Structure formats: C-alpha cells, structure tokens
Amino acid sequence: MEMYTPEVMISEEEIALRIEALGQAITRDFDGEELVVICVLKGAFIFCSDLIKKINRPMTLEFISLSSYGEGTQSSGNVRLDMDITCNVEGKNVLIVEDIVDTGLTIKTLMAMLALRGPKDVRLASLLYKPSKLKHKVKIDYLGFEIEDKFVIGYGLDYAGRYRELPYIGVLNAGN
Ligand code: 5GP
C-alpha cells in the first residue's frame, strides 16, 4: 500500500487549543445573539465542526461551496459559486468559517455577495492566513494561525482532493 507522511506544521493539539480560544471569543462577542454559521466547503468542514462545538450560542449551520483553485496549488484568479446557502440571511448575524485566506479573493467575493443580502453583521473566522500572498484586503475577526507561504494540507485542506483526513496541518513535500 502507498505510504505518505507529510511534515507536520501545526499539530492536532495546537489546533485544538487555538479552537478552544476562538470559540470562547466568539461566544463572548455574540452575547445574547443568534448566529448563522456558514461553512465554506470543502476545506473548512473539519475546522467548522470542531469550532461550533466550542461556541455556546444558538446557531444554525449552512454550507457554501466556492472554488478558485481547481486541482493545482495556485489560485486561478476566478471564484465560482458551486453551491449556495439555503437560508435568508437578511437581518442575521453571519459567521463565515473558512479554511485559509491566501490572496483573499475568495473571501472578498463571498463577503460582497453576502452584503447584497442585507445581513445585520458578517464576521470571518479563518483557521489559517498566509500574509505573504494577500492581494485583497480582508478583515479576519477570528484567526487560528498565521503561516508562511507554503502549500498546506490536512485538517480539511486538500491537494487534488487528497489529504483532507489528516488530523494535523501538514506541508506537502516532493515525493508525497
Ligand atoms: P484565496 O481566494 O484567498 O486566494 O484562496 C482561498 C482558497 O484557496 C482556500 O479556501 C483554499 O481552498 C485554497 N488554498 C489557498 N492556499 C492553500 C493551501 O496552502 N493549501 C490548500 N490545500 N488550499 C489552499
């Protein structure tokens, strides 16, 4: 059987600790409020499922699917809406949960799209942020980790559809 051991960048334990802190901050900031959590598929699905367990507020969960990368490791520069949410966010507090902000194009596009629907507030939780690649300014309200410019995989993030199941954030090396 084929074996692979991508190098660990952020361990399972570090991720869990950080998510606990993010959940506490979100719980505090949305005191007395309800939330619509929007999980950006596919990459944010593990982060989102762990994060919502640490948010002690009434919420509903929605999924949205956007693509900008295709099968490679470089952004294509275009964002396509593959699947939309199923609820009306007008007058609601929205928390977008994203895996990684790289150039910022995906989030900027999503924020602009949601703004047209009249939400009360839109905030962003992103597990990762690569400042060196940022082209479009975005405000990350709840950030997991700032990372260097390496293509990362695991904990929901893929390379050509693979590696999402890794419990840690890893770096794809030649030969994996
Ligand atoms: P942006 O639009 O900010 O350039 O890119 C955001 C999307 O690109 C992320 O949601 C993610 O799907 C993908 N992406 C950016 N950097 C990486 C990376 O290092 N690893 C993986 N697996 N996906 C990435």
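In each ligand, atom 1 is the first atom listed, and ligand 1 is the first ligand listed. Every value quoted in this text rests on a predicted model; they were computed, and no experiment measured them.
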For ligand 1 and Gly104, I'd like to know whether there is a polar contact (N/O to N/O, distance under 3.5 Å).
yes
Do any nitrogen or oxygen atoms of Ile153 lie less than 3.5 angstrom from nitrogen or oxygen atoms of ligand 1?
no
Within less than 4.0 angstrom of ligand 1, does Phe151 place any heavy atom?
yes
May I ask you to check if ligand 1 and Thr103 share an N or O to N or O distance below 3.5 Å?
yes
Check this for me, if you would: do Arg123 and Asp29 make a salt bridge, where the nitrogen-to-carboxylate-oxygen distance has to be below 4.0 angstrom?
yes
Ignoring hydrogens, what is the shortest heavy-atom contact between Tyr168 and Glu12? Give both atom names and the distance.
CB-N, 4.0 Å
Pick whichever of Thr106, Asp158, Val138 has a heavy atom sitting closest to atom 7 (C) of ligand 1.
Thr106
Using a strict cut-off of less than 4.0 Å between a Lys/Arg side-chain nitrogen and an Asp/Glu carboxylate oxygen, indicate whether Asp31 and Arg57 qualify as a salt bridge.
yes
Applying a 4.0 Å heavy-atom criterion (strictly less than), which segment of Lys150 is in contact with ligand 1: side chain, backbone, both, or neither?
backbone
Would you check, one step at a time, whether the test side-chain hydrogen bond (donor to acceptor under 3.5 Å, both in side chains) holds for Glu98 with Thr106?
CA-CA 10 Å; Glu98 174 63 303; Thr106 305; 5.0 Å; no
Which is it for Ile100 and ligand 1 at heavy atoms under 4.0 Å: side chain, backbone, both or neither?
both
Angle between ring planes, Phe47 versus Tyr155, binned at 30° and 60°: parallel, tilted or perpendicular?
tilted
Taking all non-hydrogen atoms of both residues into account, name the closest pair between Asn56 and Thr27 and its distance.
N-OG1, 3.0 Å
Mark up the atoms of ligand 1 that fall under 4.0 Å of a heavy atom belonging to Leu157, in ascending order.
20 (N), 21 (C), 22 (N), 23 (N)
Show the atoms of ligand 1 that are less than 4.0 angstrom away from any heavy atom in Glu98.
10 (O)
Tell me, please: is Lys135 in heavy-atom contact with ligand 1, that is, under 4.0 Å?
no
Sidechain N-carboxylate O distance under 4.0 Å for Asp84, Arg117:
yes
Need the ligand 1 atom indices (1-based, order shown) with element for anything under 4.0 Å from a heavy-atom of Asp99.
9 (C), 10 (O), 11 (C), 12 (O)
For atom 19 (O) of ligand 1, which of the options Lys130, Arg164, Lys108, Lys42 provides the nearest non-hydrogen atom?
Lys130
Any chance you could measure Glu146, atom CD, to Ile140, atom CD1, to the nearest 0.5 Å?
8.5 Å
